[in-house]
Amino acid sequence: MAVFAQKQTEQQPNILFVLTDDQRYDTVKTFNKAIDGQEMSKLGYIESPEVDKLAAQGTTFINTYCQATGCAPSRATMHQGRYPFRSGVYEFEWHNNAAKHMKPSLPEQLATLGYQTFHVGKLGYRLKGLAPNGKTKKHNVYQTDIDFRSLGYEGLTDYSYGGFKEIDGKPLDEYINNIGFFVTPEGKFEYVSKDLANQRKEYKNTAKEVAKKYDLIRHYKKGKTPSIYDGMIISGVSSQPAGKTRDGYYAHFLNEYLVNENKQFNAGSMKFQGVDPSKPVFAHVGFDFPHTPVLPPADYRERFQKHTYKIPNFSEEEFASMSQQMKKITSNKPSYHFTDEEKQKMIQDYYAFCAYGDRLVGKTVEDFVAYSEKHKRPWMVIYVCGDHGWKLNEHGAISKFTPWEWDSHNPIIVVSSDKKKFPAGKIVKEFTEFVDIAPTALSAAGADLSSKSFNYLDGLDLAKVVSKQAPVRDYIIGESHAVTGARAYIRTKDYVLSLKTRPTRKEGENMAWALTASWEDLDPALYDFKKDPAEVNNVAFDKKYKKIAKAMKDKLLNIVLGDNRVEVDWKKWGDGTQTYHSNFAPRAHNYKLKLK
């Protein structure tokens, strides 16, 4: 990128981007008070002193929604500043930076603006480079990257997983790709793998012992016997004390990077170079909490088990009116059949895990601000509450992947040393989206967003949203293909509509199918948020909503199918570049949608 795209007016701020994983908004008191009128979750007790402190110090964008309700496409949205239908990244596909429409990611753009870039923890951005032979190769978007998998192999975690050729110094008969393991305070690895148990008799009982030791509840389907090997761990206790979990180490190594100025520091056997104070820094901490395995430290778990939570109800009536694609979620990750005791523990541990994570967010921000102020450099913190949300038996299920409120509503807090741009304690109620993160960081770094270099960005600079210089959105949009199949959504203040957009997942095939498909084939889900805030009564086929449904359908399909849509045949390992475009309704995405 050319230098002309940068404004040289003010000292560039250090920027911290903090992202959690699968976190619901109701885990934070400030968010609950602004959205639901009460500090505690409607389900029960929560703790969030550190994030509440951030909100008091900065500006909260309370009505932020994600553009894809799965980890990888949501993180691609944040790192690219583009909607899924503009990037061609719709689910968990590997993709590459050689496709003609691709642009440098946020950290790469910041590097051209003079930033040093650092990441620790979960990234989930599945970008590859292309080698001269056309095959994919590793592509680091951050200059310094301490990933969760490497820390796990080093034993700097409480739980991790990975592939192994040998265990305890002894070669395996065959390589095993996905072995889960716990790490004890003494550094012992406790492996949980059916394949390993079959190869090594000494590990035959380990999974059973670990399940009992850490009080694990794994997800299981109705009519099935819970497995000691398979199924997401939705309840349990960490093998490590607070601070020594995998998330605890993420906070620790950000601080190591900041305090070891121009010096080497170690993470187990790995060596990294500390920060250079002469340059601005963009640091990204990707926390895993409260993503499964849900394993709060023992002291947090014990405290939260003293509280009884309201368990969300699920009725057969809701299931009867539910769209087929959304029924797929309740069939794939159901929880309505769990015992009340299992549901209670699942909810207790989820909120306990978030409370522990809140403490780590506070440490991370404190260390970053202290470093910035030590060197008298302005700073900005962007905190995102989850790459998407999570269900706790709402709609009879756990997990994510749907356009329901609990999966897609994820507030953002921006705290800055510049209180004029991001005033302390301010709550912004206008719609904002995850595509806004990249332009906000780039603008703060001095990028001239009006230049052609950045005309690919789909979002708005949140500083301009605060100052009312940005367009006001009447709606938010998104599209996600993971698990449910291709499905797009549009949400206004009063309604949310989601539709099936493709009959198959084959890129470039039947791209305009939804324009002529019947209403029934579109598998619609329409909820009236004013009358039905829990989104349980699908009124898509109610004649009283016919005009509302049509207006929202036309707007949604014109945008996601016709306003510069991109689909790419990325191929299995992300080495494909065959691209398909659809642009029959240019500029349909104009932020305006008036409903009568």
Side-chain angles (χ1 to χ4, degrees), residues 20-29 32 40-51 122 157-161 180 182-184 190 192 207 210-220 226-228 230-248 287-312 333-361 385-386 388-394 396-400 406-407:
T20 63
D21 199 348
D22 290 9
Q23 188 173 6
R24 298 156 56 108
Y25 77 71
D26 73 336
T27 57
V28 177
K29 289 181 179 180
N32 287 333
M40 293 299 171
S41 164
K42 290 182 178 180
L43 303 190
Y45 178 79
I46 64 166
E47 295 176 9
S48 56
E50 297 300 328
V51 174
K122 178 173 178 176
T157 187
D158 54 343
Y159 174 90
S160 192
Y161 60 90
F182 293 81
V183 181
T184 70
E190 299 172 314
V192 178
V210 162
K212 183 178 180 181
K213 180 179 180 181
Y214 301 122
D215 193 26
L216 305 182
I217 298 176
R218 290 183 180 270
H219 181 263
Y220 61 94
S227 169
I228 58 173
D230 302 316
M232 300 184 299
I233 297 172
I234 58 174
S235 173
V237 63
S238 175
S239 61
Q240 295 274 21
K244 299 294 183 180
T245 66
R246 57 180 175 177
D247 289 305
F287 286 114
D288 277 289
F289 83 88
H291 192 289
T292 56
V294 181
L295 299 169
D299 53 343
Y300 280 83
R301 189 180 204 226
E302 182 180 354
R303 186 161 75 251
F304 275 75
Q305 284 184 334
K306 296 176 182 177
H307 299 277
T308 301
Y309 289 83
K310 178 182 177 182
I311 299 170
K333 290 291 182 286
S335 56
Y336 60 87
H337 61 292
F338 281 24
T339 67
D340 285 348
E341 181 182 0
E342 289 171 330
K343 292 175 189 173
Q344 190 66 226
K345 291 178 75 172
M346 170 183 78
I347 295 171
Q348 288 170 332
D349 286 345
Y350 181 90
Y351 288 118
F353 207 14
C354 289
Y356 168 56
D358 177 83
R359 162 181 161 180
L360 298 177
V361 169
C385 180
H388 43 70
W390 186 259
K391 292 180 286 293
L392 290 171
N393 203 55
E394 288 90 0
I398 57 170
S399 195
K400 52 260 186 171
W406 286 119
D407 291 16

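A 4.5 Å side-chain heavy-atom check between Leu216 and Pro293 finds every atom pair outside the cut-off. Between Ser48 and Thr27 the shortest side-chain heavy-atom distance does not fall below 4.5 Å. Using a 4.5 Å heavy-atom threshold, the side chains of Thr292 and Trp390 count as touching. Here the side chains of Phe287 and Leu360 are in contact, with some heavy-atom distance below 4.5 Å. Side-chain atoms of Ile311 and Leu392, non-hydrogen and from C-beta on, never get closer than 4.5 Å to each other. Looking at Lys333 and Met232, their side chains come closer than 4.5 Å, going by heavy atoms from C-beta outward.
With ring centers used as reference points, Phe304 lies under 6.0 Å from Tyr45. Aromatic rings from Tyr309 and Tyr351 are positioned such that their centres are separated by under 6.0 Å. Between Phe338 and Tyr220, the gap from one ring centroid to the other is short of 6.0 Å.
For Lys29 and Glu47, the salt-bridge test fails: no basic side-chain N is under 4.0 Å from an acidic carboxylate O. Taking the charged nitrogens against the carboxylate oxygens, Asp26 and Lys42 have no contact shorter than 4.0 Å, which rules out a salt bridge.
Remark: side-chain polar atoms of His219 are not paired, donor with acceptor, to backbone N or O of Asp230 under 3.5 angstrom. Using a distance-only test at 3.5 Å, with no hydrogens or angles considered, a donor-acceptor pair links the side chain of Glu342 to the main chain of Thr339. With hydrogens and angles disregarded, a donor-acceptor distance shorter than 3.5 Å links the side chain of Lys391 to the backbone of Lys400. Using a distance-only test at 3.5 Å, with no hydrogens or angles considered, no donor-acceptor pair links the side chain of Asp288 to the main chain of Asp247.
The side-chain contact (heavy atoms from CB on, under 4.5 Å) test with Phe182 is passed by exactly one of Asp158, Thr157, Leu295: Leu295.
For the pair Arg303 and Tyr300, the cation sits on the ring face: its NZ or CZ lies under 6.0 Å from the ring centre, inside 45° of the axis.
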